[in-house]
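Worksheet: the structure to be examined is printed underneath.
Reminder, nothing fancy here: chain letters follow the sequence lines and each chain counts from 1.
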There are 2 protein chains.
Amino acid sequence: MAKYSDQLDAMFTALADPTRRTVVTRLGRGPASVGELAQPLSISLPSFMKHVRTLEACGLIRTRKTGRVRTCVLNQDRLGLLDGWLEEQRRIWEAGTDRLEQFVTGGQQPVEDTTDTDGAVDPTGSTRITDTEEES
Amino acid sequence: MAKYSDQLDAMFTALADPTRRTVVTRLGRGPASVGELAQPLSISLPSFMKHVRTLEACGLIRTRKTGRVRTCVLNQDRLGLLDGWLEEQRRIWEAGTDRLEQFVTGGQQPVEDTTDTDGAVDPTGSTRITDTEEES
DNA sequence: GTAATACTTAGCTTTATGGCTAAGTATTCG
DNA sequence: CGAATACTTAGCCATAAAGCTAAGTATTAC
């Protein structure tokens, strides 16, 4: 079972390259062969194939070889992994916003980690970031 | 003006690392100092600082130094860049599904490339991807 | 004023990426 | 059958990424 975190690694890494995003976008319009995909991209076929395999490895596309042609198809569902992560983040920081509101209206420390980190508290004595000066 | 595509590069690259995603998630709960963020991550401070800079460079976090402490804050809005890209993709492949339906019901080529160089279209801008589709 | 704290800067190492050429292999065309 | 087509495999290179130690530099604590 590939860990969730590893899947995100692979997904984000795959999408971090403009060539690969181009492929994803193009495949959004429908299936295409490796050659068709590579043709407009001034890149050698071997180099392009690496991108194809990267996209396939993270599950974003699926490919199938028929005769001498390999056809690529977008696996739209896979983008749900990103939606999920974004959703998760929003859920977390919305909870944080609630705490902040509670703080503003009620008067508690708005944050100060659950889980990790430790109890080291803001040395300025107030939980603010908007304070004094700047750096070099 | 940093190109939209470059911003996506930086954003996806930043999120491709589990350490950095951990930081984003942690900052979703509220601001924290560099030291607080690094402490639970068995990594040297200099190494950790690189991650902080990477996150800052892509706009996902903002930092401010007060005294000897650098505090980091999540810039939630920046995740909208990802939402935007995902939205764009969906729009494209939903149009593709329409064409496919047209194909199934009507009888045309369901696809056939529209030489694009990336989803290198600023979704906030005006340049649409158009997608002229079908000819012949 | 001396120490401890919280980063910073420098410089180095290892591994991963992205791209290329040359040389196959399997199919399909004439 | 022989040639053209559509990838594949096998190296090889240059650059970027991620981590480390050692040695600063401000700040704050004592």
Side-chain angles (χ1 to χ4, degrees), chain A residues 5-6 8-24 31-58 61-73 117-126 129 131-136, chain B residues 5-6 8-23 31-58 60-73 113 117-118:
Chain A
S5 179
D6 292 339
L8 286 172
D9 279 13
M11 180 68 84
F12 280 121
T13 299
L15 294 174
D17 183 281
T19 296
R20 288 190 293 258
R21 285 199 304 278
T22 298
V23 171
V24 169
S33 71
V34 168
E36 284 168 356
L37 292 169
Q39 184 255 310
L41 298 178
S42 53
I43 185 181
S44 70
L45 214 44
S47 299
F48 182 71
M49 277 305 294
K50 287 189 184 177
H51 291 303
V52 170
R53 277 192 270 275
T54 299
L55 288 167
E56 202 174 5
C58 78
I61 72 172
R62 271 171 296 126
T63 77
R64 177 172 189 188
K65 192 156 186 177
T66 303
R68 60 188 173 183
V69 177
R70 178 174 297 278
T71 303
C72 308
V73 191
T117 325
D118 93 8
V121 187
D122 187 339
T124 63
S126 65
I129 40 138
D131 233 26
T132 54
E133 50 113 10
E134 233 330 81
E135 86 240 35
S136 48
Chain B
S5 180
D6 292 339
L8 286 173
D9 279 13
M11 180 67 84
F12 280 120
T13 299
L15 294 174
D17 183 282
T19 296
R20 289 191 292 259
R21 284 199 306 276
T22 298
V23 170
S33 71
V34 168
E36 285 167 355
L37 292 170
Q39 186 256 308
L41 298 177
S42 55
I43 184 180
S44 69
L45 214 45
S47 299
F48 182 71
M49 278 304 294
K50 286 189 185 178
H51 291 302
V52 170
R53 297 295 180 201
T54 299
L55 287 167
E56 200 173 8
C58 78
L60 260 177
I61 72 172
R62 272 172 299 124
T63 78
R64 171 179 296 265
K65 192 156 188 179
T66 303
R68 60 187 173 181
V69 176
R70 179 172 297 277
T71 303
C72 307
V73 193
D113 83 276
T117 314
D118 185 348

Is there a side-chain polar atom (N or O) of B:S44 under 4.0 Å from OP1 or OP2 of D:dC20?
yes

Do we see a donor-acceptor contact under 3.5 Å between the side chains of B:S44 and B:S47?
yes

What N/O pairs connect the protein and nucleotides 7-10 of chain D at under 3.5 Å? Give each pair on its own line.
residue: D:dC7; atom: OP1; partner: A:R70; partner atom: N; Å: 2.9
residue: D:dC7; atom: OP2; partner: A:G35; partner atom: N; Å: 2.8
residue: D:dC7; atom: O3'; partner: A:K65; partner atom: NZ; Å: 3.1
residue: D:dT8; atom: OP1; partner: A:K65; partner atom: NZ; Å: 3.3
residue: D:dT8; atom: OP1; partner: A:R70; partner atom: NE; Å: 2.5
residue: D:dT8; atom: OP1; partner: A:R70; partner atom: NH2; Å: 2.7
residue: D:dT8; atom: OP2; partner: A:R70; partner atom: NE; Å: 3.4

Could you state the atom-to-atom distance from CG of A:L15 to P of C:dT17 in whole Å?
14 Å

Please test A:R64 against A:T71 for side chain to side chain donor-acceptor pair (under 3.5 Å), starting from the C-alpha separation and ending with a verdict.
CA-CA 5 Å; A:R64 177 172 189 188; A:T71 303; over 6 Å; no

Roughly how bent is the helix from C:dG1-D:dC30 to C:dG30-D:dC1 end to end, in steps of 10 degrees, with each end axis from five pairs?
20°

Is there a side-chain polar atom (N or O) of B:H51 under 4.0 Å from OP1 or OP2 of D:dG19?
yes

Looking at A:V34, is its backbone amide N or carbonyl O close enough to the side chain of A:R70 to form a donor-acceptor pair, meaning the two atoms are under 3.5 Å apart?
no

Between atom NZ of B:K50 and atom CD1 of B:I43, what is the distance when rounded to the nearest 0.5 Å?
9.5 Å

Whole angstrom value for the distance that separates P of C:dC12 from NZ of B:K50
13 Å

Take the protein atom CD of A:Q39 and the nucleotide atom C1' of D:dT5, then report the distance between them rounded to whole Å.
15 Å

Less than 4.0 angstrom from a charged side-chain N to a carboxylate O is my criterion; do B:R53 and B:E56 meet it?
yes

Quick one: CG on A:L8 to CG on B:D17, what's the gap to the nearest 0.5 Å?
12.0 Å

Counting distance only, does the side-chain N/O of A:E36 pair as donor-acceptor with the main-chain N or O of A:S33 below 3.5 Å?
yes

Taken to the nearest whole Å, CZ/A:F48 to C1'/C:dT17 is 16 Å

In whole angstroms, the gap separating C1' of D:dA6 from CZ of A:R64 amounts to 17 Å

d(CD1, A:I43; P, C:dT17) in whole Å
15 Å

Take the protein atom CG of A:D17 and the nucleotide atom P of D:dA16, then report the distance between them rounded to whole Å.
14 Å

A:S47 side chain N/O closer than 4.0 Å to the phosphate oxygens (OP1, OP2) of C:dG18?
no

How many angstroms lie between atom OG1 of B:T19 and atom NE2 of B:H51, to the nearest 0.5 angstrom?
4.5 Å

The reported gap from CZ in B:R20 to SG in B:C58 (rounded to nearest 0.5 angstrom) is 8.5 Å

